[in-house]
There are 2 protein chains.
Amino acid sequence: MAVKVRTIYDLAELAGVSPATVSRALAGKQVVSAKTAERIRKLAEEHGFSPSSIARNLRTRRRGAIGVVIPLGHERGQHISDPFFMTLIGALADELTERGFDLVLSRVIPDRDNWLQKMIDADRVDGFIVIGQSDQSKVLDAAASHFLPMVAWGAFVQGQVHCSVGTDNYLGGRLATRHLIERGCRTIAFLGNPRAIELSLRLEGARAAVAEAGGGVELLEIPTHLAAELSGEDIASYLDHVEKVPDGFFAASDMIALTAIQVLSARGLSVPDDVKVIGYDDLALARTSVPPLTTIRQDISGGVTHLVENLFKRIEGKATGSVVLNPELIVRSST
Amino acid sequence: MAVKVRTIYDLAELAGVSPATVSRALAGKQVVSAKTAERIRKLAEEHGFSPSSIARNLRTRRRGAIGVVIPLGHERGQHISDPFFMTLIGALADELTERGFDLVLSRVIPDRDNWLQKMIDADRVDGFIVIGQSDQSKVLDAAASHFLPMVAWGAFVQGQVHCSVGTDNYLGGRLATRHLIERGCRTIAFLGNPRAIELSLRLEGARAAVAEAGGGVELLEIPTHLAAELSGEDIASYLDHVEKVPDGFFAASDMIALTAIQVLSARGLSVPDDVKVIGYDDLALARTSVPPLTTIRQDISGGVTHLVENLFKRIEGKATGSVVLNPELIVRSST
DNA sequence: CCAGTTCATGCAATCGATTGCGCAAAGGCG
DNA sequence: CGCCTTTGCGCAATCGATTGCATGAACTGG
């Protein structure tokens, strides 16, 4: 403890070897003899020393960090407070940490189209995970054409250039709507903002399910804010102005579904007896809400694994395809 | 566009000056002549060049990044999905970005007591913002005694060593409970997990308010999970086993309050007529829920400003005191 | 017109780790 | 026992920017 060990040179002196050997020992290269390596590692441990990642990064031309960015294209000022995003980010943090990478979080309000290019130019991370394409698909495609290490969570649309990982929103929408129809709903309202590409696909799926039903079922589209916080007012004002309340609600997210249930029960309508409500995402909340929410499950941890694996493949220079996972209908008590 | 500009040397050659001058121009030092500086900056812009932050950081011995840490001491496996945290992190991201710092997010499951020291030793960031002390006050204090650049969001307790920024939880609890008493509640239930220091202070405030009322008011403590997602079951099972339902609920967070309202209305109890419910945090959700939630407001953006300012003072080596903000009672329709 | 400042810029060392190349010692083999 | 391969380690260049010090030009004033 006499001397302070700040660099591998200090440690090298202590161990009586060259800094090169220290570097190799700490990096676990097999060229150093096992005993030397062990001795050096023990010494490092004792002195609470770990080599400067900055210097390493400079030399190896890697950053050791992944940028996680959330664009908020559809609504200015929307906060990323949806538990779905939080859950995704939490899982990403675990996965990236495990691989020895930092998670650098950026929140972007895409005022100009070059926000992504600027982040790429800044060159502070090894790659990007973009959460939610929102309405920024063109920007992502533009960047993807010359920048490989980027993967987006979200929808896959035909012809897209960038790599995406997500669930099949169209199928999810169809599953949800078909379920409502099977439960006897004849007037179904879609709650969500179709400006976000993911949600518009869910809406299309809903339309398909209605069409498959072969008539007798009506689909209404109720535009709401994407921020679940704000959807309550939208729903309430819709109910105020409609003559006949729909008997089924397909909410584009669990948060919206929960809000809808609150609004409905405040008006004396019982879920699921009078009205049926299905959500989307299968957040932890959905399982324990009252009533427990029927919903479409997106496999977050599976998705995160794919996101990270594809990103690292791309960092190594290998191209990857997009991944479309299957959503799953989870039937609980709200339908 | 002929040559590729990767380093200040490339740019220096293009501009016909030395790399030193380029460095100074880009850093905005006043010693370079205005025209040279302008010319160099324009050139950099044209080539989408920005100097390597890694190399800069190595030379200047700074990291350009702040670690944001969320410890999860009270409950294993709890996910940081509470919108409160998300909102806080979003605000932090904005504030730090504005100051030119990256936000490195780490999620920590404090299995051993040295988790914080390890992060400090890793030396990848200039400072830490710890969100929510949870039950890790001792760990924070231990680190704070020799490590300055760290600020925690959360409670202030007498004698703590580390710097905290937060609202007065004791006062908040008192305000909330006093409000319920004024509204006529005589049996008040506290919903929350007092293992988290912040929540136990709110509970103490509640006790104080009850004491001030001078008898006739009863305070019940209903232990719930801290994860709001899981509190529904706790509340439901409590209601199943109690003979007389309380007429007032003080929920330790808005999410728990909303859950409570759902559970209550599912049992045919009307809020606020039969039972009054007050929350905590004043999330965006609270304003638009049904009914709109009476709650205790924590000023997040003000808090974030204090967090960041104190942290940067500490990074510069100046000690700072803790900040205790006043919470505010927001009366809406749930009480 | 000259000595003393001021101003803008260049030189070169430095931050701390990584790694290609070379060398010496040790081991293998006939 | 002598030659060739393997093994373990050290030398020194390198990653890209910053910055104290030096230098020469321009400027000031007498």
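Naming: A, B, ... by sequence-line order, numbering from 1 per chain.
- Remark: A:Glu316 engages A:Lys318 in a side chain to side chain donor-acceptor pair (under 3.5 Å) (not counting sequence neighbours).
- The ring-ring contact (aromatic ring centres under 6.0 Å, His included) contacts involving residues 16-45 of chain B comprise nothing, where partners must be two or more places apart or lie in separate chains.
- Within 6.0 Å of CZ in B:Arg62 there are 12 or fewer heavy atoms belonging to other residues, nucleotides or ligands.
- One can place CZ of B:Arg39 at 14 Å from P of C:dA8, the figure rounded to the nearest angstrom.
- Using modelled atom types, no side-chain atom of A:Gln160 and backbone atom of A:Ser137 make a donor-acceptor pair closer than 3.5 Å.
- Evaluation of the salt bridge (Lys or Arg N to Asp or Glu O under 4.0 Å) rule for A:Arg124 yields B:Asp102 as partners, not counting sequence neighbours.
- Within residues 20-27 of chain A, the residues approaching DNA chain C are A:Ala20, A:Ser23, A:Arg24, by heavy-atom distance under 4.0 Å.
- Dense packing is recorded around CZ of B:Arg99, with more than 12 heavy atoms of other residues, nucleotides or ligands lying under 6.0 Å away.
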So which protein N/O to nucleotides 24-27 of chain D N/O distances come out below 3.5 Å?
none

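- Rounded to 10 degrees, the angle separating the terminal axes of the helix from C:dC1-D:dG30 to C:dG30-D:dC1 is 30°, with each axis obtained from five end pairs.
- Applying the 4.0 Å criterion to OP1 and OP2 of D:dT19, one finds that B:Lys29 has a side-chain N or O inside that range.
- Within residues 49-67 of chain A, the residues approached by DNA chain C to less than 4.0 Å at the level of any non-hydrogen atom are A:Phe49, A:Pro51, A:Ser52, A:Ala55, A:Arg56, A:Leu58, A:Arg59, A:Thr60, in residue-number order.
- Checked by atom type and distance alone, the side chain of A:Thr21 never pairs as donor or acceptor with a backbone atom of A:Val17 at under 3.5 Å.
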- Task: List the steps, then state whether side chain to side chain donor-acceptor pair (under 3.5 Å) holds for A:Trp115 with A:Gln136.
- Result: CA-CA 11 Å; A:Trp115 60 269; A:Gln136 299 287 313; 3.0 Å; yes
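- Remark: P of D:dG8 and CD1 of A:Ile40 are 13 Å apart, rounded to the nearest angstrom.
- Rounded to whole Å, atom P of C:dG10 lies 12 Å from atom CG of B:Leu11.
- A salt bridge does not link B:Asp113 to B:Lys138: none of the charged nitrogens lies less than 4.0 Å from a carboxylate oxygen.
- Residues meeting the salt bridge (Lys or Arg N to Asp or Glu O under 4.0 Å) test with A:Lys35, sequence neighbours left out: none.
- A:Gln30 has its CD atom 10 Å from the P atom of D:dG8, to the nearest Å.
- Between B:Ser18 and C:dG10 there is a side-chain N or O to OP1 or OP2 distance below 4.0 Å.
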Please produce a list of atom pairs where a protein N or O lies less than 3.5 Å from an N or O of nucleotides 22-27 of chain C.
none

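- Here ring-ring contact (aromatic ring centres under 6.0 Å, His included) pairs that include residues 301-322 of chain A, with residues two or more places apart or in two chains, are A:Phe101-A:Phe312.
- Contacts of A:Arg41 classified as salt bridge (Lys or Arg N to Asp or Glu O under 4.0 Å), with partners at least two apart in sequence or in another chain: A:Glu38.
- Listed by chain and residue number, nothing satisfies the salt bridge (Lys or Arg N to Asp or Glu O under 4.0 Å) test with A:Glu13 (two or more places apart in sequence, or in another chain).
- B:Lys35 comes within contact range of no nucleotide atom at all, as no heavy-atom separation falls under 4.0 Å.
- No side-chain donor-acceptor contact under 3.5 Å links B:Asp94 to the backbone of B:Ala91.
- A donor-acceptor contact shorter than 3.5 Å links the side chain of B:Arg314 to the backbone of B:Thr320.
- A:Arg124 places its CZ atom 13 Å from the P atom of D:dA17, with the value rounded to the nearest Å.
- Between atom CD1 of residue A:Ile8 and atom CD1 of residue A:Ile40 there is a gap of 10.0 Å, rounded to the nearest 0.5 Å.
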